[in-house]
Amino acid sequence: MQIQTVRIGNAELPALGLGTWQWGDRWVWGFGRGYGEADLREAFGAAVRSGLRLVDTAEVYGGGYAERLLGRLLRETQAPVLVATKFMPFPWRLTRASLLRALRRSLQRLGVPRVFLYQVHWPFPPRPVELWADALADAVEEGLAEHVGVSNFTADQVRRSADRLSRRGVPLASVQVAYSLVHRSPERNGLLEACRELQAVLLAYSPLGMGLLTGKYGPGRLPSGPRRPRFAQQLRRWAPLLRALQEVARARGRTPAQVALNWLVLRGAVPLVGAKNARQVEENAGALGWSLAPEDVDRLERASWV
Ligand SMILES: NC(=O)c1ccc[n+]([C@@H]2O[C@H](COP(=O)([O-])OP(=O)(O)OC[C@H]3O[C@@H](n4cnc5c(N)ncnc54)[C@H](OP(=O)(O)O)[C@@H]3O)[C@@H](O)[C@H]2O)c1
């Protein structure tokens, strides 16, 4: 079977992207302890070798470090990498011009004239989502972004944004939200439906539940940092799902991470997977090119629904 792909504008790309929240983030991910820049360089190299094209970053990741490192890596490769980055509507950013200023700073860090996808990171007040939709349309018109999307928006905010963009002839290309076997709310809160209707791609973040669904964590094996107390609880709550994942993975000759990601692809989402090293990227790229059987999907969904 060929690898699953997705179309955004004229580009057809593998239905799996690389996330970069880990790049430079000390607090949640422990950058500098257990992994560092050399590992991330290798992770990026592994993504390129595996044929992955979409790399998701944000101006806030590592306080700009993620975009700067990605910029350096882009200059060192000929691979057709597609960069998606994000604008954070901090409360002091009040005008359309503030989005364009932030985008220009991102482009400088990345060392590129335009990004493939520019997204509004969160629908934070005080400004309405329509203001940012207008600013995203400005970004496309000025040639600074090929496509635009939103992240962490409700279904209503997604529709309002798409409507506003359509007045300028700009389609809403993507909606990025948390979606995984331990976070299935997009199926219930209308987001998956809104994406289908608007023909926007659903980019699934934290597709491995921030590592929980890899199967490597257990009661005596917890990560350090803020994931620790959260995982201690989640491991109890999701014990049947984690068992089902292990069993399906064993039966299909895959790993739990590959099964969890393949399920998202079957659901029509594009997982953006974070990784700290090449090995993780290589394993995650193996989530494409095959499909879970209907009975596997059934089993996983029965164990994951709460
Ligand atoms: N728009 C937003 O608000 C938002 C929010 C969150 C994330 N994101 C984006 O989505 C991306 C992915 O989400 P995420 O990073 O939160 O979570 P994730 O992809 O669910 O989990 C990533 C973590 O899981 C572990 N892991 C990954 N692959 C593995 C493998 N094959 N084997 C073992 N462990 C593996 C690694 O951490 P350990 O090795 O430490 O376990 C890795 O850092 C981010 O990088 C970011 O680009 C966006």
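Keep in mind that this is a model prediction, so the values were computed, not measured. All residue numbers refer to positions in the sequence shown, counting from 1. The analysis underlying the following values was restricted to heavy atoms, covering all of them including side chains, and did not include hydrogens, waters or symmetry mates.
Between the side chains of Glu146 and Asn10, no donor-acceptor pair is found at a separation under 3.5 Å. For the residue pair Ser151 and Gln119, no side-chain donor N or O sits within less than 3.5 Å of a side-chain acceptor on the partner.
Both Leu222 and Leu245 are part of a single hydrophobic cluster, where members link through side-chain heavy atoms under 4.5 Å apart. Under the 4.5 Å side-chain contact rule for hydrophobic residues, Leu191 and Leu264 share a cluster. Residues Leu54 and Leu69 are members of separate hydrophobic clusters, defined by side-chain heavy-atom contacts under 4.5 angstrom among Ile, Leu, Val, Met, Phe, Trp and Tyr. Note on Leu235: it clusters hydrophobically with Leu213, by side-chain heavy-atom contacts below 4.5 Å among ILVMFWY residues. Grouping the Ile, Leu, Val, Met, Phe, Trp and Tyr side chains by contacts below 4.5 angstrom, directly or via other members, places Leu117 apart from Leu136.
The heavy-atom pair separating Pro14 from Val6 by the smallest distance is O-CG1, 4.3 Å. Scanning all heavy atoms of the two residues, the minimum distance from Pro89 to Val120 falls at CG-CG1, 3.8 Å. His121 and Ala58 make their closest contact through CE1-CB, 3.7 Å (heavy atoms, listed as atom of the first residue, atom of the second, distance). In terms of heavy atoms, Phe31 sits closest to Glu37 at CE1-N, 3.8 Å. Gly215 approaches Arg221 most closely through the heavy-atom pair O-NH1, 4.1 Å. Shortest non-hydrogen contact noted between Val115 and Val83 is CB-O, 3.7 Å.
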Can you give me every donor-acceptor pair (side chain of residues 192-210, partner residue at least two apart or in another chain, under 3.5 Å) with its distance?
{"from": "Glu197", "atom 1": "OE1", "to": "Arg159", "atom 2": "NH1", "distance (Å)": "3.4"}
{"from": "Glu197", "atom 1": "OE2", "to": "Arg159", "atom 2": "NH1", "distance (Å)": "2.8"}
{"from": "Tyr205", "atom 1": "OH", "to": "Asn152", "atom 2": "OD1", "distance (Å)": "2.6"}

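Panel note: side chain Arg109, backbone Gly71; no donor-acceptor pair is recorded below 3.5 Å. Listed for the Lys276 side chain is no donor-acceptor partner under 3.5 Å among the backbone atoms of Ala43. Looking at Asp25, its side chain never comes within 3.5 Å of a backbone N or O of Gln22 through a donor-acceptor pair. A donor-acceptor pair is defined here as one N or O able to donate and one able to accept, closer than 3.5 Å; such a pair exists between the side chain of Thr95 and the backbone of Ser98. A donor-acceptor contact shorter than 3.5 Å is absent between the side chain of Arg243 and the backbone of Ala303. Using a distance-only test at 3.5 Å, with no hydrogens or angles considered, no donor-acceptor pair links the side chain of Ser50 to the main chain of Ala285. In this structure, the side chain of Gln157 does not engage the main chain of Val129 through any donor-acceptor pair within 3.5 Å. In this structure, the side chain of Tyr179 does not engage the main chain of Val270 through any donor-acceptor pair within 3.5 Å. Remark: the backbone N or O of Leu292 is paired with a side-chain donor or acceptor of Asn262 at under 3.5 angstrom.
Taking CH2 of Trp263 as the start and OG of Ser291 as the end, the distance is 14.0 Å to the nearest 0.5 Å. For the atom pair CG (Leu181) and CZ (Arg267), the distance works out to 9.5 Å, reported to the nearest 0.5 Å. Asp56 contributes atom CG, which lies 5.0 Å from atom CG of Leu272 (distance to the nearest 0.5 angstrom). Between atom OG1 of residue Thr214 and atom CD of residue Gln280 there is a gap of 8.0 Å, rounded to the nearest 0.5 Å. To the nearest 0.5 angstrom, Thr154 atom OG1 is 8.5 Å from Asn189 atom CG. How far CZ of Arg236 is from CG of Leu242: 13.0 Å, rounded to the nearest 0.5 Å.
The side-chain tip of Arg254 points at the ring of Trp290 from less than 6.0 angstrom away and within 45° of straight on.
The number of heavy-atom neighbours closer than 6.0 Å to CZ of Arg230, taken from other residues, nucleotides and ligands shown, is 12 or below. Gln78 CD: 12 or fewer foreign heavy atoms inside a 6.0 Å radius. Other residues, nucleotides and ligands contribute at most 12 non-hydrogen atoms within 6.0 Å of the CD atom of Gln233.
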For a side-chain contact (heavy atoms from CB on, under 4.5 Å) check, start with the C-alpha distance between Arg168 and Asp138, then their side-chain angles and the critical distance, and finish with the verdict. CA-CA 9 Å; Arg168 305 269 296 276; Asp138 295 342; 2.6 Å; yes

Between Val259 and Arg252, is the side-chain contact (heavy atoms from CB on, under 4.5 Å) condition met? List the steps. CA-CA 9 Å; Val259 170; Arg252 302 289 165 208; 5.6 Å; no

Give the C-alpha distance, both sets of side-chain angles, the deciding distance and a yes or no for side-chain contact (heavy atoms from CB on, under 4.5 Å) between Arg188 and Arg184. CA-CA 7 Å; Arg188 277 167 293 172; Arg184 292 179 62 188; 4.2 Å; yes

Is there a salt bridge (charged side-chain N to carboxylate O under 4.0 Å, His left out) between Glu130 and Arg96 once you walk through the steps? CA-CA 10 Å; Glu130 284 79 3; Arg96 278 159 73 166; over 6 Å; no

Could you walk me through whether Thr5 and Leu13 pass side-chain contact (heavy atoms from CB on, under 4.5 Å), step by step? CA-CA 5 Å; Thr5 59; Leu13 46 140; over 6 Å; no

Salt bridge (charged side-chain N to carboxylate O under 4.0 Å, His left out) between Glu282 and Arg49: does it pass, once the steps are laid out? CA-CA 9 Å; Glu282 280 155 10; Arg49 276 195 307 281; 3.6 Å; yes

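Under the rule for a ring-ring contact (aromatic ring centres under 6.0 Å, His included), His183 has no partner lying at least two apart in sequence or in another chain. Trp23 pairs by the ring-ring contact (aromatic ring centres under 6.0 Å, His included) definition with nothing, not counting sequence neighbours.
Between Trp122 and Phe124, the ring center distance clears the sub-6.0 Å criterion.
The pair Glu12-Arg7 meets the salt-bridge criterion, with a side-chain N (NZ, NE, NH1 or NH2) lying under 4.0 Å from an Asp/Glu carboxylate O. Using a 4.0 Å cut-off between charged side-chain N and carboxylate O, Arg167 and Asp134 make no salt bridge. A salt bridge does not link Glu67 with Arg72: every distance from a Lys NZ or Arg NE/NH1/NH2 to an Asp or Glu carboxylate oxygen is 4.0 Å or more. Ion pairing between a basic and an acidic side chain is recognised when a charged N comes within 4.0 Å of a carboxylate O; Glu59 and Lys86 show no such pairing. Look at Glu247 and Arg299 and you find a salt bridge, because one of the NZ, NE, NH1 or NH2 atoms lies within 4.0 Å of a carboxylate O, short of that distance.
Using a 4.5 Å heavy-atom threshold, the side chains of Pro171 and Leu165 count as separate.
Ring planes of Phe87 and Tyr118: tilted class, angle from 30 to 60°.
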